Amino acid sequence: KKKDKEDEDKDEKEEKDEKEDKEKKKKKEKEDKDEKEEKGKKKDKEDDDKDEEKEEKDEKEDKEEKKKKDKEKEEKEEKEEKEKKKDKEDEDKDDEKEKKDKKEDKEKKKKEKEKEEKDEKDAKNKKKKDKEDEDKDEKEEKDEKEDKEKKKKKEKEDKDEKEEKGKKKDKED
């Protein structure tokens, strides 16, 4: 009977030990699993943090790039605007000069025409005056000649008359 009791105790102890071993094993497995999970979580977090950091960096770089591009675009547009403005000013200046030159040319031509007309008129007037002077001289010459002839005729008549009178007187005497 004592032996049975011993056996029973032994069995019970074995069973208890076995149960404890199982529980220890189970506990250990759970701890290992938890540790593994914890490590995994930690790694995931590190990876997430890294990804986030990279994303932020990329975003920052993109922003910088965009800023740079925008600035370049703005500068290019400003330059183009300035060039356009300058071209317009140059064009306006050229137009103004052309207008001025045309006006001056017109004035010059007008003056030349006026001078030509005046010269022509002066020449006509001179011709007319010369003709008038010539006619006057001719008339004066003619009148002078006529006067001379009249004077001559008169003198001859006077002489003839005198002679006639002398002859008459001689005859009377």
Side-chain angles (χ1 to χ4, degrees), residues 17-156:
D17 286 348
E18 217 173 280
K19 205 178 166 191
E20 269 179 18
D21 278 351
K22 253 191 197 165
E23 270 175 20
K24 263 190 195 160
K25 204 178 168 195
K26 220 176 166 184
K27 199 181 169 195
K28 174 92 171 78
E29 274 174 10
K30 191 182 180 302
E31 276 174 6
D32 286 350
K33 196 182 159 205
D34 286 350
E35 200 182 315
K36 209 178 171 189
E37 259 178 37
E38 201 56 49
K39 269 191 189 161
K41 272 188 195 163
K42 204 178 171 190
K43 196 180 178 307
D44 285 348
K45 190 173 182 317
E46 276 172 12
D47 289 347
D48 283 351
D49 287 350
K50 260 192 206 155
D51 286 347
E52 209 175 298
E53 216 176 278
K54 193 184 179 305
E55 226 172 87
E56 271 175 22
K57 199 177 161 225
D58 289 348
E59 219 174 277
K60 201 178 164 194
E61 276 173 11
D62 285 349
K63 260 192 197 161
E64 294 274 319
E65 191 61 37
K66 192 181 181 300
K67 208 173 158 189
K68 198 176 150 198
K69 277 206 179 119
D70 286 349
K71 195 169 184 273
E72 277 170 11
K73 194 181 166 206
E74 204 180 305
E75 278 171 5
K76 196 180 164 208
E77 277 173 7
E78 247 174 60
K79 201 179 161 202
E80 276 173 13
E81 202 58 46
K82 263 191 196 155
E83 274 171 16
K84 248 196 218 164
K85 204 178 161 193
K86 196 185 172 300
D87 288 347
K88 173 101 173 66
E89 278 171 9
D90 289 348
E91 215 176 286
D92 288 348
K93 259 191 211 155
D94 288 346
D95 285 351
E96 206 60 47
K97 195 183 175 308
E98 209 178 303
K99 253 195 224 163
K100 200 175 158 225
D101 289 349
K102 263 190 193 165
K103 200 180 167 194
E104 279 173 8
D105 206 35
K106 209 178 167 187
E107 291 279 325
K108 202 174 154 198
K109 278 194 181 136
K110 196 180 162 194
K111 277 197 183 132
E112 275 172 15
K113 197 171 181 247
E114 279 171 6
K115 192 184 177 306
E116 239 173 70
E117 281 173 3
K118 190 182 177 295
D119 289 350
E120 221 174 280
K121 203 176 161 193
D122 289 350
K124 260 192 199 162
N125 286 339
K126 192 181 180 308
K127 209 176 170 190
K128 196 179 167 195
K129 195 178 178 305
D130 287 349
K131 177 90 172 76
E132 279 172 5
D133 288 349
E134 209 180 296
D135 288 351
K136 197 179 166 202
D137 288 348
E138 244 174 64
K139 191 184 181 307
E140 270 174 19
E141 226 174 275
K142 202 179 155 206
D143 288 349
E144 223 174 274
K145 210 176 163 193
E146 273 178 16
D147 281 351
K148 256 189 197 162
E149 275 174 17
K150 265 188 198 161
K151 205 178 170 193
K152 224 175 165 185
K153 202 180 170 194
K154 175 100 171 67
E155 275 172 7
K156 194 180 178 293

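Residues: numbered from 1 along the sequence shown. Please read these numbers as outputs of a predicted model, since none were measured by experiment.
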Chemist: Got Glu23 and Lys19 here, is their nearest side-chain heavy-atom distance under 4.5 Å?
Modeler: yes

Chemist: Is there any side chain to side chain donor-acceptor pair (under 3.5 Å) pair reaching into residues 76-86, and which pairs are they, with sequence neighbours excluded?
Modeler: Lys86-Asp90

Chemist: Would you say that more than 12 heavy atoms from the other residues, nucleotides or ligands in this model lie under 6.0 Å from the CD of Glu55, or not?
Modeler: no

Chemist: Answer whether the closest heavy-atom distance between the side chains of Asp101 and Glu104 falls below 4.5 Å.
Modeler: yes

Chemist: Should the heavy atoms of other residues, nucleotides or ligands under 6.0 Å from CD of Glu89 be counted, would the total exceed 12?
Modeler: yes

Chemist: Looking at side-chain heavy atoms only, is the closest gap between Lys26 and Lys30 below 4.5 Å?
Modeler: no

Chemist: Sort out for me which residue in Lys33, Lys39, Glu35 forms a side chain to side chain contact (heavy atoms under 4.5 Å, CB included) with Glu37.
Modeler: Lys33

Chemist: Under 4.0 Å between a Lys/Arg side-chain N and an Asp/Glu carboxylate O for Asp58 and Lys54?
Modeler: yes

Chemist: For the CD atom on Glu141, are there more than 12 heavy atoms of other groups (residues, nucleotides or ligands in this structure) within a distance under 6.0 Å?
Modeler: no

Chemist: Any chance you could lay out the salt bridge (charged side-chain N to carboxylate O under 4.0 Å, His left out) test for Lys99 and Asp95, step after step, and finish with the verdict?
Modeler: CA-CA 6 Å; Lys99 253 195 224 163; Asp95 285 351; over 6 Å; no

Chemist: Of Glu146, Glu144, Glu140, which meets side chain to side chain contact (heavy atoms under 4.5 Å, CB included) against Lys142?
Modeler: Glu146

Chemist: How many angstroms lie between NZ in Lys110 and NZ in Lys103, if you round to the nearest 0.5 Å?
Modeler: 11.0 Å

Chemist: Could you give the distance from NZ (Lys24) to CD (Glu31), rounded to the nearest 0.5 Å?
Modeler: 12.0 Å

Chemist: With the side chain counted from C-beta on, respond yes when Asp94 and Glu98 share a heavy-atom pair under 4.5 Å apart, and no when they do not.
Modeler: no

Chemist: Start with the C-alpha gap between Asp122 and Lys126, add the side-chain angles, then the distance that decides, and say whether salt bridge (charged side-chain N to carboxylate O under 4.0 Å, His left out) holds.
Modeler: CA-CA 6 Å; Asp122 289 350; Lys126 192 181 180 308; over 6 Å; no

Chemist: By side chain to side chain donor-acceptor pair (under 3.5 Å), which residues pair with Asp137, not counting sequence neighbours?
Modeler: none

Chemist: Is there a side-chain contact between Lys128 and Lys124 in this structure, where contact means two heavy atoms from C-beta onward sitting under 4.5 Å apart?
Modeler: no

Chemist: Answer yes when Lys139 and Asp135 have at least one side-chain N-carboxylate O distance shorter than 4.0 Å, and no when they do not.
Modeler: no

Chemist: Taking atom CD of Glu116 and atom CG of Asp119, what is their separation to the nearest 0.5 Å?
Modeler: 8.0 Å

Chemist: Can you spot which of Lys67, Lys66, Lys73 makes a side chain to side chain donor-acceptor pair (under 3.5 Å) with Asp70?
Modeler: Lys66

